[in-house]
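Structure first, commentary second.
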Amino acid sequence: MNSSLFQITSKIAALARSGCFVQARKLFDGMSYRDTVAWNSMLAGYSQLGLHQEALSLFHQMRISNAKPDPFTFTAALSACADSGSLLNGTKVHALVIVSGYQSSLAVNNSLIDMYGKCLNAFSAGEVFQAMDDTNEVTWCSLLFAYANSGQFNAAREIFNLMPRKVDIAWNTMIAGLGRCGEIELCLDMFKKMLQSLCEPDQWTYSALISACTESSELLCGCVLHSVIIKSGWSSAVEAKNSILSLYAKLGSLSDAMKIFESTGILTQVSWNAIIDAHMKGGNLHEAFHMFQCLPEKNTVSWTSMISGYAKNGYGEEALSFFAGMVSSHLLPDDFTFGSVLHACSNLAILGYGRMIHGSAFRRGFSTYVYVGNGLVNMYAKCGDLDGSILAFSDIYEKDLVSFNAMLFAFGLHGKAKQALQVYEDMIASGTKPDKMTFIGLLMTCSHSGLIEDGHVFFESMRSAHGLSYEADHVACMVDMLGRGGYLTEARELANKYSKTGYIEANSCEALLGACSAHSEVETGTFLGEELKVLEPDKEMSYVLQSNLYCARGLWKEAAMVRKAMIDEGLKKMPGCSWIEVRDKVTSFVAGNHFHPHMEELCKIIYFLDFEMRNPCFL
DNA sequence: GTAGGGTTAG
């Protein structure tokens, strides 16, 4: 009896190890009696294959059955939490470790430190470490990783210095961590010290160094290191090759990246994905799609590259069809995937679909992730659901700069200036440094809400207090703000003051022209319109704005002449349209279009609404 | 018969 239990268990372990988890699970489910080792074997199988959800649900089943978890159980369960980045589940398992009395097991404690480190919770990792009376190399390395991974480099260095014996992996952890934070000089310094010590750099050392160069846009430094790698003999290692490839792909020389790609004996998924992504970044969708089709095996990253690339280039529908393709090939979306899909949803302004994605991300446990949360804030705002944005924002587990910017824009977009400025206050209070985007959001908000004084203060503090330089868009926002408020002279002066070419920049000129039509300044407007035609001869904007200017003053003949001149130049204005989503169908409306099937009913409703707005006491 | 660390790509 016992021997058959042993036999089946070893079979399960072997099957799971080789990736045949379906067969392994069949055997496991057919067992009449399972002891702890049997549960552990199945659990470890899922955990190692990256099937974190399955692992955790098996762990749960084990708890409600009679089996008693042991240190093997906990290490497998914690590794599933660690690799899926689920701090919530990890903390629950930690509680069960204490309940089961295993808090002095070295392996379990090491797994706990690893889990907290991967979930970016160095503080808890440190607490576990403090309570340990027995430690080994793994303990120290995991603790070091915990601090380095969460960007706490002073603490990481302290731990590194305290380590009883510095193994290669500790050097690699420090180098990789410093590199990820953009500390390229400290990173190279570490590498020098490593060479001076008795530790030998390996493929991971070089991979981390090259990634550090990529992170800091140090192409030249990366090239030097590339030659060092060739001399060291590690250049054929997959890890090094992939990093080198992504260095060239990301820092612009796609042809160099292609050379590495074509010379690579082992074409790993990483190489393919890096090239696809480089094509996407360069806006070369056709080439990216071609490479994607040639990919022998597509993983989550490959599909996500396609989704995000098409979404970024404004092809929302195509992006969503890639998402559908991914789902039907049974790949599980992760936080990056959801973020990219939400990006597509905000471009298409399809609230219903966006909500569905939100639900899906929630069920998979990703809705509190920063990349997903930022996408949700943006999606809800663009789809007109400000409350949705607010809820999504408050759900984000660790808000970053993009989260604050997205929420600021959301309020700004909906004309809620007070709340937008509050977001900025909260952002500063949280220690997050504002960037150029933040100030675009602030200035736009001030402009749309007529907060001219606040606008001036932000514009000034942007340079003096935050050390940021003005870009054309910031100046244009200010010009727009002053122009809307009727301060046309000041607006023009400002535009002149900050122009780099001596001429008013095109986007400031557009803003000024807009202000001229709002305030009926025909002469100035005409002059600016001619200037804008010189600045952007291929754009229809100058003609449209000038024509609007004449229309506002009732100068219909002049307006018609401008429109005709535009057509003569071969320019066409894309008509603006509005659209709504009703029961999964999007209907769009263009001015002057009478062919909508329900046009008559719609006109009646609009007539009624118009009447009601003009006579608010009617009802 | 089961277990614990770093690794590149979106």
Side-chain angles (χ1 to χ4, degrees), chain A residues 2-14 16-17 34-45 47-48 69-79 82 105-115 117-118 136-146 148-149 167-177 202-208 210-211 214 237-247 249-250 268-278 280-281 288 298-309 311-312 322 326 333-340 371:
Chain A
N2 269 354
S3 72
S4 101
L5 177 65
F6 282 171
Q7 277 162 6
I8 296 174
T9 307
S10 46
K11 222 173 193 177
I12 290 174
R17 250 198 305 270
R34 307 176 190 102
D35 64 358
T36 303
V37 182
W39 283 98
N40 290 347
S41 303
M42 196 61 233
L43 191 62
S47 197
Q48 281 158 15
D70 68 359
F72 290 86
T73 320
F74 287 119
T75 50
L78 285 167
S79 135
S105 153
L106 177 61
V108 172
N109 280 322
N110 285 349
S111 298
L112 279 169
I113 294 176
D114 178 52
M115 180 278 291
K118 282 184 178 153
N136 64 6
E137 272 170 14
V138 178
T139 322
W140 284 93
C141 286
S142 305
L143 188 68
L144 177 63
F145 178 74
N149 196 33
V167 284
D168 301 1
I169 185 180
W171 288 99
N172 290 351
T173 305
M174 284 301 284
I175 291 173
D202 58 11
Q203 70 271 43
W204 285 301
T205 322
Y206 289 118
S207 166
I210 291 283
S211 305
T214 312
V238 183
E239 294 82 1
K241 251 184 184 171
N242 283 338
S243 309
I244 294 164
L245 190 135
S246 109
L247 168 86
K250 277 201 173 158
T268 67
Q269 200 107 44
V270 180
S271 332
W272 283 90
N273 290 342
I275 292 286
I276 290 176
D277 199 46
M280 279 297 188
K281 287 238 164 73
K298 301 164 179 67
N299 66 8
T300 303
V301 177
S302 335
W303 284 100
T304 306
S305 284
M306 298 309 284
I307 297 168
S308 103
K312 272 183 194 151
F322 278 111
M326 173 177 177
D334 66 8
D335 50 337
F336 276 89
T337 320
F338 283 121
S340 306
Y371 196 66

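Chain A is the first sequence line, chain B the second, and so forth, proteins listed ahead of strands; every chain is numbered from 1. Scope of the values below: all heavy atoms of this structure, side chains included, with no hydrogens, waters or symmetry mates.
Picking from dT7(B), dG5(B), dA9(B) the nucleotide with the shortest atom distance to the side chain of Glu239(A) gives dT7(B). Of the candidate nucleotides dA3(B), dG10(B), dG1(B), dG1(B) has the atom nearest to the side chain of Val37(A). Among the nucleotides dT7(B), dG4(B), dT2(B), the one closest to any side-chain atom of Ala13(A) is dT2(B). Nearest nucleotide to the side chain of Asn172(A), out of dG1(B), dA9(B), dG6(B): dG6(B). Residue Arg17(A) places its side chain closer to dT2(B) than to any other of dT2(B), dA9(B), dG10(B). Taking only side-chain atoms of Ile169(A), from C-beta outward, the nucleotide of dG1(B), dT8(B), dG5(B) with the closest atom is dG5(B). Among dG4(B), dT2(B), dA9(B), the nucleotide with an atom closest to any side-chain atom of Asn40(A) is dT2(B). Picking from dG10(B), dA3(B), dG1(B) the nucleotide with the shortest atom distance to the side chain of Thr337(A) gives dG10(B). Distances from the side chain of Phe72(A) to the nucleotides dA3(B), dG6(B), dA9(B) place dA3(B) closest. Nearest nucleotide to the Leu5(A) side chain, out of dG4(B), dA9(B), dG1(B): dG1(B).
No hydrogens or angles were tested; on distance alone, a donor-acceptor pair under 3.5 Å links the side chain of Asn299(A) to the base of dA9(B). Side-chain N/O atoms of Asn109(A) and base N/O atoms of dG4(B) include no donor-acceptor pair closer than 3.5 Å. The base of dG4(B) has none of its N or O atoms less than 3.5 Å from a complementary donor or acceptor on the side chain of Ser111(A).
Contact annotation for Asp335(A): no contact, since no heavy-atom pair falls under 4.0 Å across all strands. Here Ser79(A) lies out of heavy-atom contact (under 4.0 Å) with every strand. Using a 4.0 Å heavy-atom criterion, one finds that Lys312(A) contacts no nucleic acid atom at all. Looking at heavy-atom distances under 4.0 Å, Ser10(A) makes contact with sugar-phosphate atoms alone, never a base. Residue-level contact check: Val108(A) touches neither bases nor backbone, having no heavy atom under 4.0 Å from any strand.
Remark: Ser246(A) is in phosphate contact with dA9(B), judged by side-chain N or O atoms under 4.0 Å from OP1 or OP2.
Not counting sequence neighbours, Lys11(A) has no partner by the salt bridge (charged side-chain N to carboxylate O under 4.0 Å, His left out) test.
Listed for the Ser207(A) side chain is no donor-acceptor partner under 3.5 Å among the backbone atoms of Ser243(A).
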Evaluation steps, side-chain contact (heavy atoms from CB on, under 4.5 Å), between Asn273(A) and Asn299(A): CA-CA 9 Å; Asn273(A) 290 342; Asn299(A) 66 8; 3.4 Å; yes
